[in-house]
**Q** 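What follows is a single structure, and I will ask about it in a moment.
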Number of protein chains: 4
Amino acid sequence: MPKISEEKRQARRLQILDVATRCFARQGFHGTSMEDIVRELKSSPGAVYCYFRGKNDIVAAIAEQRHHRESALLAELLASGDVSEGLQHLARAFLEMLQDPKEKERRKVTIQIWAESLRDKRIRKIIERGIRQRDMLTTSLCRAQRAGQLPENLDTDALSRVLLALLQGFILQQAWEPELDTKGYLTTAMHLINSVFRDAETNPVGCERKQLA
Amino acid sequence: MPKISEEKRQARRLQILDVATRCFARQGFHGTSMEDIVRELKSSPGAVYCYFRGKNDIVAAIAEQRHHRESALLAELLASGDVSEGLQHLARAFLEMLQDPKEKERRKVTIQIWAESLRDKRIRKIIERGIRQRDMLTTSLCRAQRAGQLPENLDTDALSRVLLALLQGFILQQAWEPELDTKGYLTTAMHLINSVFRDAETNPVGCERKQLA
Amino acid sequence: MPKISEEKRQARRLQILDVATRCFARQGFHGTSMEDIVRELKSSPGAVYCYFRGKNDIVAAIAEQRHHRESALLAELLASGDVSEGLQHLARAFLEMLQDPKEKERRKVTIQIWAESLRDKRIRKIIERGIRQRDMLTTSLCRAQRAGQLPENLDTDALSRVLLALLQGFILQQAWEPELDTKGYLTTAMHLINSVFRDAETNPVGCERKQLA
Amino acid sequence: MPKISEEKRQARRLQILDVATRCFARQGFHGTSMEDIVRELKSSPGAVYCYFRGKNDIVAAIAEQRHHRESALLAELLASGDVSEGLQHLARAFLEMLQDPKEKERRKVTIQIWAESLRDKRIRKIIERGIRQRDMLTTSLCRAQRAGQLPENLDTDALSRVLLALLQGFILQQAWEPELDTKGYLTTAMHLINSVFRDAETNPVGCERKQLA
DNA sequence: TATGAATGAGATTTCATTCAT
DNA sequence: TATGAATGAAATCTCATTCAT
């Protein structure tokens, strides 16, 4: 028997998550008290509990948000028929995301979620769903391999892990050094990736390496 | 109990750190209470405070341990005149480290340290010392570049970041999937890295890719 | 429980101070644990911390209460144009205060506050404000001196100290001997005080007053 | 079976009490830990426990020291046949005591002892012995009264309380204002006291002394 | 739904004291 | 006697959560 519309309810939920994200990015999950969130929200503890079961529920919801965003990015990547091209798109999308100042906060919270996943079953489950998504990337790479875009003897499962690692490492390094040269990192990372793709394609000549704008 | 030797004192310190590491790996830093540590240590709260100022001091000490271990690994890498070869050594050293069951725990704690570094000044300082160590790797890569082992237009700073990311991503993924195919990951990662090194040398032909034992 | 009125809030604050005063009088400040207070309050630790920052804050508040009460007494004394008469009033007011059983507790706590003031900056500040109030008494005595009510060569600053001492000593002795003859003490003290006042009247010359070497 | 002579033992005891007094004066009894004392003593916890049963035992010993010193002073006072003269001596002895820098510390500790006496049975007992000593002063004053040195209708018990209060108040005020004009205070206090003594001499009749209702 | 005072379990830390050496 | 590492009870305070209004 909600007195407010479902729409408003969702809006409020998001607002709470936003504030919580900001707090967690600033003080860490365990350094943020419910009171901190409530104060910044200009609300009351009881109100927050109308939307979330508790503090853990909030983190879980944030983790879920992340998961959806990542799924979307991956879907975009895979939508492109050509994986190599898809990766370029992904890289570009990444650069754009960095414009959003909220995104830096989110990356910091991501690291907290990683840590939290090691002890909170619920977060763990969400992370695991993310882990399983990598399988789709692997499948895609496999297809590329069968299409001759990748060396035959390449372990595509491992390659998808490597690609993921490049992303994860970046998140981490950027949390510590917010001013790091994002473009340089992406260019170099793409260079490495392209090396493998090129290898199979043509190889002898290795002509015109595509560089990121 | 009169004065104990500095030797014994260090041993006790290490024992506490070991137990704490085990607890942190299992329940997370914030999910572990001093009492948990003390119980597993079969000791008393006061005893722990003879060796550490408080809980944060313990995490800091563990972070410090990590830092030293990493420094040692990096030193080993750089000791080898040839960077490419050094990286091979590093990869091999890594494989060995994985034998140590304690190492898995330590990797889990590493992730907690990452998260903690975002809010604890002290941990942050230690991480920053680690960050600065990457410069040495960059310098080394630079030398390799001048020696013609790497493409001239390659951003060595970014490359060292990428190499670091490959490590960090692995730590993360292995924490979630302890059974992941370590060898496969390393082989593939080395493959990518070698691609760049090979690029500069000769490239057109690029045959006989070195694989990890 | 929604917001309570400022009035109720103040009432609750006072209730806590009352209970704390009772506990401190009985077991001393350092012999009273927060749990003791909470138990007697039939409340919970958290509740107390809604009103006070901590244990020290409670003592400070009690010290502050004392300070206000003393200020009021002094003001009453000074309000009377004639100091000599004012002191009589004060003495009488004192006798009345002794009826209040709470007052005995308060005097015991006063001694604790004295002790606490030697190490707690905050309490010290409050005491210092009390110390400065003595100046007003000195001023008043000075006026009486100029009016010929007190011997000319009398050190009014010292006299106000002496008057204060008579009060402080009484507080102390009554804490140890609750049944001491209050009336007798006051009578005798007033006798001494009146001696000085009378001195000026009758013996302008202050016939060979023995002075200390 | 002490291995050290009783003499040495006493010396060590005194040394401990001295250090403890210094600490208590500086940080208060409850702000001083055994470790503080031991550090300043350049000794070990165990050693202190060879001489005292515990922390409370140390305070009790200090209180005892005070008691002895006070007894001595009082004895000196009473030794003089003439009480009025005895009080002069006492005042002078007081001034001398103030030269001793240790004495200031002792006075601060005295206040702590007062506070402690309200909750520690042991200290309380010692204070009570001090309280009983006042009876001797009363007796002495009584004798002076019978000798006509004091007004007949004067309450000698109350007078001795008043005299004591003058001392206690001074101790307190000097703890807060170490630079207060000691000589002035004593002069004025003696002035008041002499007033009563003189009273008897000069006004046998005690001309209409105002009495408290 | 919203409020915010209250709850109370639990966490970290201190410190007087002990006792093996 | 002396040492000082170790003990462990207890103290203060925090904070996620609840529930009467």
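We name chains A, B, ... by the order of the sequence lines, and we start the count at 1 in each one.
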**Q** Can you check the Ile4(C) CD1 to dC19(F) C1' distance for me, whole Å?
**A** 15 Å
**Q** Is Ser44(C) near enough to dG8(E) that one of its side-chain N or O atoms lies under 4.0 angstrom from OP1 or OP2?
**A** no
**Q** Separation of His30(A) atom NE2 from dA11(E) atom C1', in whole Å?
**A** 14 Å
**Q** Under a 3.5 Å cut-off for both distances, is dT21(E) Watson-Crick or wobble paired, and to whom?
**A** dA2(F)
**Q** For the backbone of Phe29(B) and the side chain of Gln112(B), can you confirm whether one donor and one acceptor N or O come within less than 3.5 Å of each other?
**A** yes
**Q** Would you kindly give the NZ-to-P distance between Lys55(D) and dT17(E), to the nearest whole Å?
**A** 8 Å
**Q** Below the 4.0 Å mark, does dT3(F) have OP1 or OP2 next to a side-chain nitrogen or oxygen of Ser43(D)?
**A** yes
**Q** On DNA chain F, compare the nucleotides closest to Cys50(B) and Asp36(C); which residue's is nearer the 5' end?
**A** Cys50(B)
**Q** Should the pair His30(D) and His30(C) be assigned to parallel (<30°), tilted (30 to 60°) or perpendicular (>60°) ring geometry?
**A** parallel
**Q** Closest heavy-atom contact between Gly54(A) and Tyr49(A)?
**A** CA-CE2, 3.7 Å
**Q** Starting at the 5' end of DNA chain E and moving along, which residue's nearest nucleotide shows up first, Ala47(C) or Asn56(B)?
**A** Ala47(C)
**Q** How many Å lie between NZ on Lys8(C) and C1' on dA6(E), as a whole number?
**A** 15 Å
**Q** May I ask you to decide whether Arg129(D) forms a salt bridge with Glu64(D), counting only side-chain N to carboxylate O separations under 4.0 Å?
**A** yes
**Q** Measure from CD on Gln10(B) to C1' on dA5(F) and round the result to the nearest Å.
**A** 15 Å
**Q** Please pick, from dT12(E), dG4(F), dA11(F), the nucleotide with the shortest atom-to-atom distance to any side-chain atom of Pro45(D).
**A** dG4(F)
**Q** Start at the 5' end of DNA chain E and walk down; is the nucleotide closest to Phe29(B) or to Arg9(C) reached first?
**A** Arg9(C)
**Q** How close or far is atom P of dT17(E) from atom CD1 of Ile37(D), stated in whole angstroms?
**A** 11 Å
**Q** So, for Ile58(C) and Ala20(C), which heavy atoms are closest and what is the spacing to 0.1 Å?
**A** CG2-CB, 3.6 Å
**Q** Using a 4.0 Å heavy-atom cut-off across all strands, classify Gly54(B) as base, sugar-phosphate, or nothing.
**A** sugar-phosphate
**Q** Quick one: is Arg12(B) getting a side-chain N or O under 4.0 Å of the dA6(F) phosphate, OP1 or OP2?
**A** yes
**Q** Roughly how far apart are Thr21(D) OG1 and Lys102(D) NZ, rounded to 0.5 Å?
**A** 8.5 Å
**Q** Under 4.0 Å between a side-chain N or O of Tyr51(C) and OP1 or OP2 of dA5(E)?
**A** no
**Q** Both Tyr49(C) and Val48(B) contact DNA chain F. Which one's nearest nucleotide lies toward the 5' end?
**A** Val48(B)
**Q** If I take atom CD in residue Glu6(B) and atom C1' in nucleotide dA5(F), what distance separates them, rounded to the nearest angstrom?
**A** 14 Å
**Q** Would you classify Phe52(B) as touching base, sugar-phosphate or nothing, given that sugar-phosphate means primed atoms plus P, OP1 and OP2, and contacts are heavy atoms under 4.0 Å?
**A** nothing
**Q** Partner of dT12(F) by Watson-Crick or G-U wobble geometry, both contacts under 3.5 Å, or none?
**A** dA11(E)
**Q** Rounded to the nearest Å, what distance is computed from the CZ atom of residue Arg39(B) to the P atom of nucleotide dT7(F)?
**A** 15 Å
